[in-house]
Amino acid sequence: MNNPLYDTMFAPHAGKDTPFLLLPNAEVITHAVFVRRAAQLAHALVAQGISTGDRVAVQVEKCPDMLALYAACAQLGAIFLPLNTAYTAAEVAYFVRDSQATLLVGDPARSAELAAVAHDSGAAFATLSATGGSLSDSADAQADTFQTVARSEDDLAAFLYTSGTTGRSKGAMLSQKNLISNAATLTDLWQFSREDVLLHGLPIFHTHGLFVATNVMLMAGGAMVFMPKLDIDQLIEWMPRATSMMGVPTFYTRLLDDARFDRALTADMRLFISGSAPLLADTHIAFEQRTGHRILERYGMTETNMNTSNPYEGDRRAGTVGLPLPDVELRVANADGAELPRGETGVVEVRGPNVFQGYWNMPEKTAEDMRPDGFFITGDLGVQGADGYVTIVGRGKDLIISGGYNIYPKELELILDAQAGVMESAVIGVPHADLGEVPLAVLVPDAGAQIDLDAIKAATATALARFKQPRDYRIVEALPRNTMGKVQKVALRAEFGT
Ligand code: MCA
Ligand code: AMP
């Protein structure tokens with residue numbers, strides 16, 4: 001193949017007048033129209049000076065043109081780098097600088113601050129949104145075919161930034177092969193076809209909404225109900241015309257909280273998939289009682305795409321993440337990487353075509369997380385039963401997952417520690433009925449100092465996306481520590497986690 005990603009996902013749809021994106025306003029974008037739009041955007045990128053291998057950072061609201069920009073990058077061999085729309089200018093600045101992006105594409109509504117971010121990093125700036133922008137306008141005037149640039153499956157297709165226990169975000173480099181192999185495996189395993197209509201309420205700047213949901217539907221040739229964000233009314237309205245849904249657990253708990261969501265509404269649905277955070281067994285059971293459907297839970301990571309899945313046909317077990325995917329090797333290992341006997345808890349490690357190419361410009365960090373034999377250390381604690389089913393029992397890494405978004409306490413602690421009057425801080429995840437867990441900050445004041453919480457909240461608001469900001473604060477005299485001096489977060493969670 002000339003360009004495996006483009007030739008697998010997009011080229012086969014050229015000229016097909018079948019529906020691809022069903023928008024909530026009833027507008028339909030066909031596969032053919034989408035492919036032509038991608039070509040126009042590829043020309044617009046070239047006009048901006050983008051060439052093969054360049055990073056294109058994109059922070060725009062979910063809309064058809066944002067997805068077409070992903071296709072355009074694939075067609076010209078540029079590296080697509082989507083960013084959470086909740087990120088502050090300070091956060092975006094880090095990603096643009098670190099990735100050495102050539103272009104930042106931002107929302108026109110935020111063009112003043114984002115243009116400054118791009119300028120400071122030596123990147124060009126353009127705008128795009130559902131209703132227009134400089135890149136969209138430029139695309140409108142371009143030809144709707146584009147000569148696909150030759151690439152190999154080992155070439156990079158995307159960077160996704162993922163925070164870390166050190167507090168510094170890392171750019172996970174994903175190759176064409178990483179994306180294609182996982183999408184092919186999932187399409188086959190979950191039996192997606194051109195008959196499918198997927199309810200798509202996830203953001204498209206993360207693995208779940210982009211490389212699982214969208215890539216699978218592109219591979220299958222089906223359609224997506226493409227909602228700008230999760231909207232329960234829209235989900236309920238569209239469900240009778242859909243066949244499938246993918247969501248984080250919050251999607252399922254919110255549906256269950258709605259009395260309109262019942263067996264009749266889901267009668268024509270064939271599949272509900274959950275991932276990105278643990279789905280409580282209670283939710284799984286309540287969902288089956290209400291609808292007769294058993295949610296299929298799967299498990300993955302930004303660095304690896306999907307690793308395991310409950311079976312499509314067969315036993316979908318509540319509380320487990322199912323079996324390793326057919327082309328993924330999984331072992332539960334001790335700290336040295338030695339495989340443990342089945343039934344013992346250890347760190348989950350995976351190897352296969354899904355595993356990423358490393359962290360951008362961080363070879364030492366890549367080496368730390370990758371075994372010499374090619375297994376990637378996920379940092380998740382798991383156990384594999386004699387029958388192969390994997391259960392995630394905890395996290396070896398200090399991570400909070402809130403509504404499917406990851407929050408690394410270290411990133412918050414570095415900011416809190418730097419505030420006037422704060423001697424030190426510890427951030428923990430506390431249970432939250434809607435989002436699973438949310439961050440709570442525990443602060444220790446400097447001797448004799450008063451902590452000004454309003455000033456601290458203002459500082460975190462400038463530095464951090466809203467979803468990362470602590471939902472609550474506690475002030476204590478000292479943090480609990482073990483004999484090695486390490487903060488005992490388990491003790492903090494026991495004290496404050498209710
Ligand atoms: C929004 N807010 C949040 C979150 N989302 N706070 C904490 N955690 C969140 N996830 C805050 C906003 O800042 C705002 O705060 C208030 O909640 C309402 O915002 P709104 O946008 O209306 O919220 P929402 O639309 O109800 O969003 C909640 C959501 C959304 C539907 C759960 O966050 C979501 O779509 N999550 C999915 C994330 C995802 O795709 N994860 C996959 C990562 P205020 O009112 O104070 O201003 S990929 C991954 O994890 C791996 C690879 C995998 O396995 O899939
Ligand atoms: P991310 O950094 O967004 O790639 O998040 C990946 C992390 O989400 C994994 O390492 C797990 O800790 C968690 N995760 C994803 N899917 C599941 C699941 N089904 N059950 C439990 N944890 C999950």
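Read the numbers this way: they start at 1 and go in the same order the structure lists the ligands and their atoms.
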Which atoms of ligand 1 have any heavy atom of [X] under 4.0 Å away?
X	result
Lys229	20 (P), 21 (O), 22 (O), 25 (O)
Met301	52 (C)
Thr302	52 (C)
Leu202	40 (O)
Leu230	31 (C)
Gly300	54 (O)
Arg471	3 (C), 6 (N), 7 (C), 11 (C), 17 (O)
Phe467	3 (C), 4 (C), 6 (N), 7 (C), 8 (N), 9 (C)

Contact with ligand 2 for [X], non-hydrogen, under 4.0 angstrom:
X	value
Val321	yes
Thr207	no
Arg298	yes

For [atom], closest protein heavy-atom neighbour:
atom	result
atom 3 (O) of ligand 2	Asn406 ND2, 3.1 Å
atom 49 (C) of ligand 1	Ser276 OG, 3.6 Å
atom 47 (O) of ligand 1	Arg466 NE, 3.5 Å
atom 8 (N) of ligand 1	Ser402 OG, 2.8 Å

Discussion item. Under 3.5 Å between any N/O of His206 and any N/O of ligand 1: does that happen in this structure?
Written reply: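 No - when backbone and side-chain N and O of His206 are compared with those of ligand 1, no distance drops under 3.5 Å.
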Worksheet item: Is it true that Lys489 and Glu413 have a side-chain N and a carboxylate O under 4.0 angstrom from each other?
Response: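 Between Glu413 and Lys489 there is a salt bridge, with a charged N closer than 4.0 Å to a carboxylate O.
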Worksheet item: Between Lys177 and Asp155, is the closest basic N to carboxylate O distance under 4.0 Å?
Response: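 Lys177 and Asp155: not salt-bridged.
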Practice prompt. Measure the distances from the heavy atoms of Pro203 to every atom of ligand 1 and state whether one is below 4.0 angstrom.
Written response: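 Pro203 counts as a contact of ligand 1 under the 4.0 Å cut-off.
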Item to complete: Please report the closest heavy-atom contact between Thr250 and Asp434, naming both atoms and the distance.
Response: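 Thr250 and Asp434 have their closest heavy atoms at OG1-O, 2.9 Å.
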Worksheet entry | Non-hydrogen atoms of Ile400 and Gly429 that approach each other most closely |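 Looks like CD1-N, 3.5 Å.
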Between [X] and ligand 2, which residue portion shows a heavy-atom distance shorter than 4.0 Å: side chain, backbone, both, or neither?
X	result
Ser274	neither
Ser276	backbone
Ile401	side chain
Lys397	side chain

Discussion item. I'd like to check whether Glu303 has a polar contact with ligand 2, where a contact means an N/O of the residue lying under 3.5 Å from an N/O of the ligand.
Written reply: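 N/O-N/O distance below 3.5 Å does not exist for this pair.
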Worksheet item: Does atom 42 (C) of ligand 1 have a protein heavy-atom neighbour under 4.0 Å away?
Response: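 There is a protein heavy atom less than 4.0 Å from atom 42 (C) of ligand 1.
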Between [X] and [Y], what is the ring plane arrangement, given parallel below 30°, perpendicular above 60°, and tilted in between?
X	Y	answer
Phe467	Tyr405	tilted
Tyr252	Phe287	perpendicular
Phe80	Tyr70	tilted
Phe159	Trp360	tilted

Exercise answer: donor-acceptor pairs, residues 345-353 side-chain atoms, under 3.5 Å, sequence neighbours excluded:
| from | atom 1 | to | atom 2 | distance (Å) |
| --- | --- | --- | --- | --- |
| Glu349 | OE1 | Arg331 | NE | 2.9 |
| Glu349 | OE1 | Arg331 | NH2 | 2.9 |
| Glu349 | OE1 | Arg371 | NE | 3.4 |
| Glu349 | OE2 | Arg371 | NE | 2.9 |
| Glu349 | OE2 | Arg371 | NH2 | 2.9 |
| Arg351 | NE | Glu329 | OE2 | 3.0 |
| Arg351 | NH1 | Asp373 | O | 2.6 |
| Arg351 | NH2 | Glu329 | OE1 | 3.0 |
| Arg351 | NH2 | Glu329 | OE2 | 3.4 |

Worksheet entry | Selection from Asp380, Thr308, Ile273 by shortest heavy-atom distance to atom 12 (O) of ligand 2 |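 That would be Asp380.
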Discussion item. Ring of Phe272, cation from Arg294 - is the NZ or CZ under 6.0 Å from the centre and inside 45° of the axis?
Written reply: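 No.
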Worksheet item: Name the one of Arg168, Arg55, Lys170 that satisfies salt bridge (charged side-chain N to carboxylate O under 4.0 Å, His left out) with Asp98?
Response: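 When salt bridge (charged side-chain N to carboxylate O under 4.0 Å, His left out) is applied between Asp98 and each of Arg168, Arg55, Lys170, only Arg168 qualifies.
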Worksheet item: Do Glu303 and Tyr359 have side-chain N/O donor and acceptor atoms under 3.5 Å apart?
Response: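 Yes, side-chain donor-acceptor contact under 3.5 Å.
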